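In this text the structure is predicted, and so the values were computed from the model without any measurement. Note that these values count all heavy atoms, side chains included, but never hydrogens, waters or copies made by symmetry. Here is the naming used below: chain letters follow the sequence lines, and residue numbers restart at 1 for every chain.
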Number of protein chains: 2
Amino acid sequence: MVQVHKRSAPARKAARRPATPRQAAARKSPLDALLDPDLFKALCDPTRVSLLACLAKCGRACSVGEVAECCRVDLSVVSRHLSQLADAGVLGSTKQGRTVFYRVRFTGLSDKLRALADAIDACCPDGACGEGRGKGGCCG
Amino acid sequence: MVQVHKRSAPARKAARRPATPRQAAARKSPLDALLDPDLFKALCDPTRVSLLACLAKCGRACSVGEVAECCRVDLSVVSRHLSQLADAGVLGSTKQGRTVFYRVRFTGLSDKLRALADAIDACCPDGACGEGRGKGGCCG
DNA sequence: TGTGTACTTGCACCATAATGCAAGTATTGG
DNA sequence: CCAATACTTGCATTATGGTGCAAGTACACA
């Protein structure tokens, strides 16, 4: 009885754009969750990124000691970086005896990136983006 | 005379995986360019990310003053953050009189994220990822 | 139980970066 | 030309983060 008529009211569904940035900030969007500073914080350091690239290219789980031979920083630094990447969900870790193996969580990472890309496209207004993008699911 | 025979040698085509992370680091990959710390550095600060989300949800170009009403930091801080996001290619800017408008570069950003996601998937070994992923174009 | 290996943690140091305030620049309108 | 607007920049402060060294913990093996 409340939401039956679906054409006369202009402001229904697909939640129109907020008029001002201030109002926009108040709106909840998938973006808010996906645009997670903590993930990017993990990826914003050159050393950390090189370790990630190293592990990705290697394609298998590697020990801290092995990875440490990729770059010039101290092993303790590598240990901390890998741990940070794991905290961010970018790497997974397994302990086997006294050796810790880190591996890239490929699908977890790429899925997250694609979800973010989709959420961004969904915010793209009207015809400003390619076909299939900007289909309005931006603002809650 | 050195590299003629192409079948007896086991190491041909589709560049097999490096044995160690150390060797992996030496290999060039699309990942190396796409995994750009500078982009992530732009996105690793909470205030900056909230400004980006604000602009994205708003969907149009906004002035610095408008955007500054989204959050509690000083306008000068907002100005610097927006300028940083523009430097990273995340935002575009237009000056109109004394007003500067920033807008999200939607497709530029989402394309970059998807390209990275693809490059990551390409590094995923064998059947470890979903179908269509991990098709080996990882190591140069 | 002791020794060596593999990694982690505490600590101090240094570099970078975020922030606010105040002053400066650019542009518009009277 | 002067005043107001819209932003940017310089500067000092504070916070955060990366790094190396040294010490600590966890585990395996003899």
Side-chain angles (χ1 to χ4, degrees), chain A residues 20-22 25 35-55 58 60-88 90-104, chain B residues 20-22 25 35-55 58 60-103:
Chain A
T20 68
R22 182 144 177 72
L35 216 45
D36 174 23
D38 290 334
L39 171 62
F40 300 122
K41 206 169 282 180
L43 300 176
C44 76
D45 180 72
T47 306
R48 215 148 43 220
V49 162
S50 77
L51 296 176
L52 171 60
C54 184
L55 275 165
C58 205
R60 58 172 177 80
C62 299
S63 72
V64 177
E66 277 183 314
V67 178
E69 293 182 2
C70 288
C71 59
R72 297 155 198 285
V73 298
D74 194 82
L75 187 135
S76 71
V77 172
V78 171
S79 170
R80 269 188 276 246
H81 279 316
L82 293 176
S83 152
Q84 272 183 268
L85 287 167
D87 286 346
V90 173
L91 302 181
S93 69
T94 322
K95 194 165 184 181
Q96 213 168 303
R98 53 193 169 192
T99 307
V100 179
F101 290 97
Y102 283 97
R103 70 195 177 287
V104 178
Chain B
T20 68
R22 182 147 179 68
L35 216 43
D36 176 23
D38 289 334
L39 171 62
F40 300 119
K41 205 167 284 179
L43 301 176
C44 75
D45 180 72
T47 306
R48 216 147 42 220
V49 163
S50 77
L51 296 176
L52 171 59
C54 183
L55 275 164
C58 204
R60 59 172 176 82
C62 299
S63 70
V64 178
E66 275 183 314
V67 179
E69 293 182 3
C70 288
C71 60
R72 297 157 198 285
V73 299
D74 195 84
L75 187 136
S76 71
V77 172
V78 172
S79 169
R80 270 188 275 247
H81 278 317
L82 293 177
S83 152
Q84 272 182 268
L85 287 167
D87 285 346
V90 174
L91 302 182
S93 69
T94 323
K95 193 166 186 181
Q96 215 168 302
R98 55 193 168 189
T99 307
V100 178
F101 290 98
Y102 284 96
R103 70 196 178 285

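- A:Tyr102 comes within 4.0 angstrom of sugar-phosphate atoms only, judged by non-hydrogen atoms across all strands, and of no base.
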Set out, line by line, the N/O atom pairs under 3.5 Å between protein and nucleotides 12-17 of chain C.
none

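- Note that CG of B:Asp36 is 11.5 Å distant from SG of A:Cys44, once rounded to the nearest 0.5 Å.
- Distance check: B:Cys62 SG to B:Phe101 CZ gives 8.5 Å after rounding to the nearest 0.5 Å.
- No engagement by B:Ser83 is indicated, since no non-hydrogen atom pair under 4.0 Å with the nucleic acid exists.
- Counting 5' to 3', DNA chain D first comes under 4.0 angstrom of a heavy atom of chain B and last does so at the ends given by D:dA4 to D:dC11.
- Put simply, CG on A:Leu52 and CG on A:Leu82 are 9.5 Å apart, with the number rounded to the nearest 0.5 Å.
- How far CD of B:Glu66 is from OG1 of B:Thr99: 9.0 Å, rounded to the nearest 0.5 Å.
- Taken to the nearest 0.5 Å, the CG atom of A:Leu39 stands 10.0 Å off from the CG atom of A:Leu85.
- When atom types are taken as modelled, the side chain of A:Arg48 and the backbone of A:Ala42 share a donor-acceptor pair closer than 3.5 angstrom.
- In terms of heavy-atom proximity, B:Tyr102 sits nearest to B:Ser79 at OH-O, 4.5 Å.
- Under the salt bridge (Lys or Arg N to Asp or Glu O under 4.0 Å) criterion, B:Arg103 pairs with no residue, sequence neighbours left out.
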Would you tabulate the nitrogen or oxygen pairs shorter than 3.5 Å linking the protein to nucleotides 28-30 of chain C?
none

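- At a threshold of 4.5 Å between non-hydrogen side-chain atoms, the residues A:Val104 and A:Leu91 count as touching.
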Let me check something: any side-chain donor-acceptor pairs from residues 68-78 of chain A under 3.5 Å, sequence neighbours excluded? List them with distances.
unit_1, atom_1, unit_2, atom_2, d
A:Asp74, OD2, A:Ser76, N, 2.9
A:Asp74, OD2, A:Ser76, OG, 2.8

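- Closest non-hydrogen pair, B:Thr20 versus A:Arg60, comes out as CA-NH2, 3.7 Å.
- Near-neighbour residues of DNA chain C inside residues 68-77 of chain A, defined by a heavy atom below 4.0 Å, number-ordered: A:Leu75, A:Ser76.
- Considering NZ of B:Lys41 and CG of A:Leu43, their distance stands at 12.0 Å, rounded to 0.5 Å.
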